[in-house]
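Note that the numbering runs from 1 along the sequence shown for the chain. Atoms within each ligand, like the ligands themselves, are counted from 1 in listed order.
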Amino acid sequence: MMDSFEEACKAKGLRITNQRTEIFKALLKHPDHPTTEEIYNQVRKHLKTISLDTVYRTIATIEAYGLIKKVHHIDNTTRFDTNTSNHHHLVCTRCHRIEDFTWPDFDRMTPPDSVSHWKQTDVKHCVVEGLCSHCRKQRTGQKIHRKEAL
Ligand SMILES: [Zn+2]
Ligand SMILES: [Zn+2]
């Protein structure tokens, strides 16, 4: 994947800098759709003098070159995705964890007539919300706990 970063940079005429490499590496280490702040905290360990603003701008550049994608999300934070292939998101409404999933049947469907007044639609992205298995377990645990207290 790191090789493909360098190749993609070369192919797109993006200069490879130590900062860009470190930031991209940090993104790869976090397939869980990190925020800019999370990436900043990660790269700061290696690049002590880097600013949050630089991380913002670098991520924006990497995104503009199509090497990562912005995730449409519910909790008002911008998150990034190194998985640029077509996929959908499973979102936990409690801890905001995001998992990738594929849905070939959905991908094959054409948008309904109700959106045809837009002459062009480009991306069909699906978000499924619920409780992740971790939060679900915690919740069940709480219930049991409460029963015991009674
Ligand atoms: Zn959760
Ligand atoms: Zn994703």
Item checked: Under 3.5 Å donor-acceptor, R97 side chain and C132 backbone -> no

Notebook entry, point to check: So which N/O/S atom does H87 have closest to the Zn ion (ligand 2)?
Noted result: NE2

Check: Is the closest side-chain donor-acceptor distance between T61 and T58 under 3.5 Å?
Finding: no

Notebook entry, point to check: Would one find an N, O or S atom of D81, in either backbone or side chain, under 2.8 Å from the Zn ion (ligand 2)?
Noted result: yes

Notebook entry, point to check: With a cut-off of 2.8 Å, does any N, O or S atom of C135 fall short of it relative to the Zn ion (ligand 1)?
Noted result: yes

Note to self: Keeping K70 on the side-chain end and E63 on the backbone end, is there a donor-acceptor pair under 3.5 Å?
What the structure shows: no

Next item on the list: Answer yes or no as to whether an N/O/S atom of H88 is found below 2.8 Å from the Zn ion (ligand 2).
Entry: no

Margin query: Looking only at the side chains, is there a donor atom on one of N83 and S85 sitting less than 3.5 Å from an acceptor on the other?
Written below: yes

Note to self: Taking K10 first and then E7, would you say they form a salt bridge - that is, a charged N and a carboxylate O separated by under 4.0 Å?
What the structure shows: no

Notebook entry, point to check: Is the distance from the Zn ion (ligand 1) to the nearest N/O/S atom of H96 under 2.8 Å?
Noted result: no

Next item on the list: Step through it carefully: locate the ring centre of H89, locate the ring centre of F101, and say whether they are under 6.0 Å apart.
Entry: no

Next item on the list: Please calculate the OD1(D100)-the Zn ion (ligand 2)-NE2(H89) angle and round it to 10 degrees.
Entry: 100°

Next item on the list: Could you grab the angle centred on the Zn ion (ligand 1), going from SG in C132 to SG in C95, to 10°?
Entry: 110°

